[in-house]
Engineer: 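One structure, as structure tokens, below. Some questions next.
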Amino acid sequence: MPTTSTVDRDRLARLMAAELDRFARAHPRSGKLHEQAKASLVDGVPMNWMVRWAGPWPPFVDQAGGAHIRCVDGHDYVDFCLGDTGAMAGHGPSPTVAAVERQLRRGITHMLPTDDAIAAGEDLARRFGLPLWQFTITATDANRFVIRLARHLTGRSKIVVHDHCYHGSVDETFATRAADGRVIASRGSIGPPVDPALTTRVVDFNDVADLERALADEQVAAVLIEPALTNVGIVLPEPGYLDAVREITRRTGTLLIIDETHTICAGPGGMTGRDGLEPDLLVIGKTIGGGIPAGTYGMTRDVADRVRPLIDVDDSDIGGIGGTLAGYALSTAAIRATLGEVLTSEAFGRMIPLAERWEVGASEVIARRDVPWHVARLGARAEYHFVATPPRTGSEQAAHMDPVLERFLHLWAMNRGVLMTPFHNMALTSPATTAADVDRHTEVFDEAVAALTA
Ligand SMILES: Cc1ncc(COP(=O)(O)O)c(C=O)c1O
């Protein structure tokens with residue numbers, strides 16, 4: 001990965017060594033658990049992404065509540081990672097906990113609907129403007145299912161994604177472009193089932209001409225996008241870009257799928273609700289269950305009417321869409337409570353100004369310490385990036401990533417009671433986050449940047 005050096009690397013290495021030492025001394029119990037875990041868990045963690053936490057081992061959690069986590073060594077953290085958005089509703093929001101407790105006693109799963117599913121579908125329809133919904137366990141599943149539906153419905157084989165996208169562990173989306181423009185597997189893609197050039201075309205975010213070219217031969221079933229890139233760090237759409245995406249997809253008979261799993265941070269209806277976008281299909285997962293596994297996809301009545309005659313009812317359980325626990329009672333109870341009572345418009349009205357406060361605080365540090373960085377924000381989500389001008393494509397953004405510097409800033413913060421997302425500097429505010437939590441980040445970020453630039 002390219003690294004633009006915006007700081008002195010020797011100083012960074014020295015500071016990093018001191019912070020690793022500080023973490024190790026302050027987290028002996030987590031260290032011991034990690035050693036024990038290595039005997040039964042690969043690399044001592046239950047899921048491979050957890051090796052990306054900035055310390056020599058991750059802090060093991062004792063308890064989480066609201067916007068805070070306490071580790072087994074007794075340290076309290078302001079949590080801006082919030083389970084990489086899985087806990088965007090805050091840890092253990094009371095309405096979700098109450099609904100889940102109630103449902104646990106009434107039957108967890110039974111392959112039959114409950115009225116919670118109706119309330120959840122109605123809430124989603126109001127937020128996103130699409131009338132018909134289906135539930136899944138994860139956003140990955142939902143993306144896989146809508147891709148299959150789009151291919152089935154259009155009879156076309158290819159999908160289009162943005163370069164440097166992430167939509168979950170969905171085979172078709174692990175694609176990027178080589179310097180000569182060929183579609184190749186993206187960096188780190190593990191065991192692609194086929195050459196991604198067979199399934200996927202890749203376009204640059206904010207590049208209308210690129211999309212025109214990709215859709216011109218009308219071989220593409222669907223364009224699957226986040227309306228702002230988030231997983232390579234926030235890259236916002238330029239004025240008119242998303243309108244152009246909609247116009248070109250309509251003109252070429254290509255379905256438009258919007259994945260709001262992360263961009264829900266823009267407001268109760270994500271960017272679709274906020275900006276009046278008109279997808280044919282929409283996917284969202286993670287946040288909506290308040291921490292209970294939950295994903296969903298919605299569609300227009302037109303898509304539903306066109307796809308229904310193509311699927312034989314006797315084959316509906318073996319067609320490659322759905323799952324035994326998808327839409328199960330515990331999950332739909334959690335979605336109903338989380339959307340209806342936690343991630344409300346009123347909550348976003350508090351979360352977004354707090355993310356603005358985070359943005360202002362971090363931007364002031366950047367200006368005061370005179371480093372060539374900037375802060376990007378989308379609603380309740382904000383991040384610092386190691387380049388002065390906001391990039392307009394995923395590859396421009398990726399070129400300015402600096403994993404060593406990121407890791408140092410996250411470790412410095414963690415050592416002083418602030419958790420940042422280990423993947424992309426993301427700071428997310430929840431309904432439980434306070435101004436004091438945000439100011440704590442500004443304070444430790446200032447100290448870190450001061451140490452780097454002193
Ligand atoms: C935009 C987007 N879509 C889908 C997913 C997949 O979510 P999950 O891992 O819960 O399936 C992610 C995960 O980070 C995501 O960022």
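Please read all numbers here as calculations on a predicted model, not as lab measurements. All ligand and atom numbering here is 1-based and tracks the order in the structure. Sequence positions, counted from 1, serve as the residue numbers for this chain.
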Engineer: Could you tell me whether His262 and ligand 1 have an N or O pair separated by under 3.5 Å?
Structural biologist: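 Such a contact does occur with ligand 1.
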Engineer: Using heavy-atom distances only, which candidate in His424, His167, Glu260 approaches atom 4 (C) of ligand 1 most closely?
Structural biologist: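 Among His424, His167, Glu260, the closest heavy atom to atom 4 (C) of ligand 1 belongs to His167.
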Engineer: What are the atoms of ligand 1, with element, lying closer than 4.0 Å to any heavy atom of Asn231?
Structural biologist: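 Answer for ligand 1: 1 (C), 15 (C), 16 (O).
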Engineer: Are the charged groups of Glu359 and Arg377 less than 4.0 angstrom apart, N to O?
Structural biologist: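 Arg377 and Glu359: salt-bridged.
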Engineer: Under a 4.0 Å heavy-atom limit, does Asn143 contact ligand 1 with its side chain, its backbone, both, or neither?
Structural biologist: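 Side chain only; the backbone of Asn143 stays clear of ligand 1.
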Engineer: Quick one: look at Thr140 and ligand 1, take heavy-atom pairs under 4.0 Å, and tell me if it's side chain, backbone, both or neither.
Structural biologist: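 The answer is both, backbone and side chain.
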Engineer: Considering only protein heavy atoms, which is closest to atom 7 (O) of ligand 1, and at what distance to one decimal place?
Structural biologist: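 So the nearest neighbour among protein heavy atoms is Ala139 CB, 3.5 Å.
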Engineer: Decide yes or no for Arg336 and Glu341: does some side-chain heavy atom of the first lie under 4.5 Å from some side-chain heavy atom of the second?
Structural biologist: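 Sidechains of Glu341 and Arg336: no contact.
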Engineer: Give a yes or no on whether a salt bridge exists between Arg106 and Glu101, defined as a side-chain N under 4.0 angstrom from a carboxylate O.
Structural biologist: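 No, Arg106 and Glu101 are not salt-bridged.
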Engineer: Against heavy atoms of Glu226, which atoms of ligand 1 measure under 4.0 Å?
Structural biologist: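 With Glu226 as reference, the close atoms of ligand 1 come out as 1 (C).
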Engineer: Using a strict cut-off of 4.0 Å, indicate which atoms of ligand 1 neighbour a heavy atom of Thr138.
Structural biologist: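 Reading through ligand 1 atom by atom, the close ones are 11 (O).
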Engineer: Do the ring planes of Tyr77 and His27 sit parallel (below 30°), tilted (30 to 60°) or perpendicular (above 60°)?
Structural biologist: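 The rings of Tyr77 and His27 lie parallel, inter-plane angle below 30°.
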Engineer: Is Asp207 salt-bridged to Arg392, cutoff N-O under 4.0 Å?
Structural biologist: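 Salt bridge between Asp207 and Arg392, a charged N being under 4.0 Å from a carboxylate O: no.
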Engineer: Should the pair Tyr384 and His441 be assigned to parallel (<30°), tilted (30 to 60°) or perpendicular (>60°) ring geometry?
Structural biologist: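 Because their plane-to-plane angle is under 30°, the rings of Tyr384 and His441 count as parallel.
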Engineer: What protein heavy atom sits nearest atom 14 (O) of ligand 1, and how far away is it?
Structural biologist: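 Of the protein heavy atoms, Lys286 NZ, 2.7 Å lies nearest.
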Engineer: Name the closest protein heavy atom to atom 5 (C) of ligand 1, giving the residue it belongs to and the distance to 0.1 Å.
Structural biologist: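 That would be Gly168 N, 3.5 Å.
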Engineer: Please say whether Asp259 places an N or O atom under 3.5 Å from an N or O atom belonging to ligand 1.
Structural biologist: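 Yes; the residue has a nitrogen or oxygen that sits under 3.5 Å from a nitrogen or oxygen of the ligand.
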Engineer: Considering only NZ, NE, NH1 and NH2 on the basic side and carboxylate oxygens on the acidic side, decide whether Glu278 and Arg250 come within less than 4.0 Å.
Structural biologist: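 Looking at Arg250 together with Glu278, the answer is yes, because their closest N to O distance falls below 4.0 Å.
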Engineer: Looking at His91 and His68, what are the two nearest heavy atoms and their distance?
Structural biologist: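 Of all heavy-atom pairs spanning His91 and His68, the closest is CD2-O, 3.8 Å.
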